[in-house]
Number of protein chains: 2
Amino acid sequence: MKAQAQEKLTMKEMKPDTRTSLSDGIVEQLVDLISRDVLKPGDRLPSERELCKRLGVGRSSLREALRSLAVMGIIDGRVGDGTFVSNSNKRYLEKTLQWGLLLDRKKVQDLIETRLMLESQTAFLAAQRVTAKNIEAIEETLRGMEASIGQPEKYLEFDLQFHLTIARATQNSILYSLLSMIRGYLQEWIKGSLAEPSTTQTETRAELSLLEHQKILDALQKGEADQAQQAMTEHILSSSIDLQR
Amino acid sequence: MKAQAQEKLTMKEMKPDTRTSLSDGIVEQLVDLISRDVLKPGDRLPSERELCKRLGVGRSSLREALRSLAVMGIIDGRVGDGTFVSNSNKRYLEKTLQWGLLLDRKKVQDLIETRLMLESQTAFLAAQRVTAKNIEAIEETLRGMEASIGQPEKYLEFDLQFHLTIARATQNSILYSLLSMIRGYLQEWIKGSLAEPSTTQTETRAELSLLEHQKILDALQKGEADQAQQAMTEHILSSSIDLQR
DNA sequence: ATGCCTCAAAGGTCAGACCATTAATCATTA
DNA sequence: TAATGATTAATGGTCTGACCTTTGAGGCAT
């Protein structure tokens with residue numbers, strides 16, 4: 001039928017089809033509210049059903065809008081509790097970066113290589129920017145490793161935290177995010193090949209590993225960037241030997 | 001009621017609550033399909049109703065999953081037609097810049113820093129592994145840059161391809177993937193701040209840029225890894241000056 | 001106070017319906 | 001025959017109302 005097509009269409013100023021999808025419109029409204037600080041981080045949004053009535057849209061559309069914001073890391077839903085504005089919004093990059101990497105077929109060799117690149121320079125940066133608090137946190141993880149020697153599962157976890165804490169010390173969130181993902185993938189792979197017999201004695205390997213970590217920590221404490229990078233490089237190469245196959 | 005709570009819970013190996021939301025599970029499945037090239041860019045997904053039946057989920061959940069992928073720029077829905085896999089590695093932000101505010105200065109700085117880390121070492125690796133075919137492709141992009149001087153849009157595109165082609169030359173898909181994403185984000189940001197007046201003459205800047213790129217190519221051709229790394233580092237630092245602010 | 005129970009409200013999911021848009025098909029016309 | 005217009009089936013987009021599990025708060029008994 002197209003009712004308005006029957007009127008004389010004067011052709012003057014026909015809107016260039018500015019129709020945006022409904023849920024996108026909602027996203028825009030909410031982003032606007034948040035960017036104008038009407039909704040501050042930590043705030044709780046009205047319930048979905050409430051928002052539906054207020055915005056005059058169905059719950060599907062509303063939920064798709066919320067989903068968008070959640071993917072961007074702007075809001076965060078907790079079942080049974082409510083939906084909240086994320087404390088640190090702008091997580092969008094990390095989120096999509098994460099999914100993006102998921103798109104890749106993960107080859108262990110490539111992962112190790114990339115990890116070496118990133119983490120050696122991460123150590124360099126960290127040595128320059130590390131705070132007393134960071135050092136403390138790193139020491140904590142190292143103590144955890146010492147305490148859990150002989151328990152590979154636990155040890156690996158502290159190992160992971162050791163490296164991530166250093167990454168955090170660079171104050172570069174992108175870097176942290178990337179390393180976290182790469183190491184995460186490797187972690188899974190490592191666990192999978194834990195049972196396999198190692199060429200070197202596990203005990204000896206752990207002792208060596210501890211020494212290497214200690215060396216990295218030393219360099220960080222002294223703020224010796226080059227030294228930290230060197231120690232990290234050696235550590236990663238050394239610890240990757242068992243994985244190279 | 002909690003049926004299983006009534007059994008003797010032996011506490012051995014209780015899963016750390018690994019339950020993920022249903023739609024996130026779907027996202028993972030689809031991402032997996034795409035990453036394994038079962039679904040290639042440009043392909044059309046089965047209709048939503050079809051996917052529902054095949055995955056055994058309701059349409060809401062399915063749609064929320066699709067929404068996530070759409071926000072990330074991985075798929076693209078066209079009403080009345082179907083949903084398609086984005087012929088991608090390009091559409092990252094296109095949508096997102098509308099919601100603005102997502103890229104703050106700090107993040108851009110982090111991106112540049114991370115890019116410098118990755119790309120300098122990428123040049124190093126590429127110099128060792130580059131093939132004749134790679135060289136040819138790189139030369140191609142360089143010619144494109146020369147030809148499109150004075151047309152910032154086009155020039156930027158060839159610039160991007162230049163760097164990505166080098167990344168591809170490392171034969172490390174993870175590396176390529178990461179650089180592609182990082183550079184993609186920066187690209188959008190650069191475009192956004194294209195109109196702003198530059199301190200240096202655009203012409204002069206372009207000339208310099210060409211020289212820098214040529215220098216990198218030279219090093220790659222000669223297989224001089226250190227030299228390539230050095231040239232790349234200088235280039236990135238130089239070209240980032242206008243962005244540092 | 002402490003712990004347990006109940007219950008209302010929240011987000012998550014489902015099923016079925018309707019709408020607007022699109023592309024393909026078929027019928028009409030010049 | 002070729003161009004044009006109408007029909008139609010399928011698609012994504014939206015709405016509704018229902019049910020589920022989880023959560024936190026308030027009341028109850030200990």
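In what follows, chains carry the letters A, B, and so on, assigned in the order in which the sequence lines appear, proteins first and then strands, with residues in each chain numbered from 1.
Rounded to an integer number of Å, the gap from CZ of A:R78 to C1' of C:dG11 is 12 Å. For the pair A:K53 NZ and D:dT16 C1', the computed distance is 14 Å after rounding to whole Å. Nucleotide C:dT13 holds its P atom 16 Å from the CZ atom of B:R67, rounded to whole Å. Counting to the nearest Å, the C1' atom of D:dA9 and the CZ atom of B:R49 are 12 Å from each other. For A:E50 and C:dA9, the CD to P distance is 12 Å, given to the nearest whole Å.
Inspection of the A:R63 and B:S60 side chains reveals no N or O donor paired with an N or O acceptor under 3.5 Å.
The residue B:G58 sits close only to the backbone: its heavy atoms come under 4.0 Å of sugar-phosphate atoms, none of a base. Residue A:S61 is classed as a sugar-phosphate contact, given heavy-atom separations below 4.0 Å to backbone atoms only.
Among C:dT13, D:dT14, C:dG11, the nucleotide with an atom closest to any side-chain atom of B:L22 is C:dT13. Proximity note for B:R63 (side chain, C-beta onward) versus D:dG13, C:dT13, D:dC19: the nearest is D:dG13.
The backbone N or O of B:K40 sits nowhere less than 3.5 Å from a side-chain atom of B:D37 that would complete a donor-acceptor pair.
Ring planes of A:H213 and A:F162: perpendicular class, angle over 60° (limits at 30 and 60°).
Distances shorter than 4.0 Å separate none of the side-chain N or O atoms of B:T83 from OP1 or OP2 on D:dT11.
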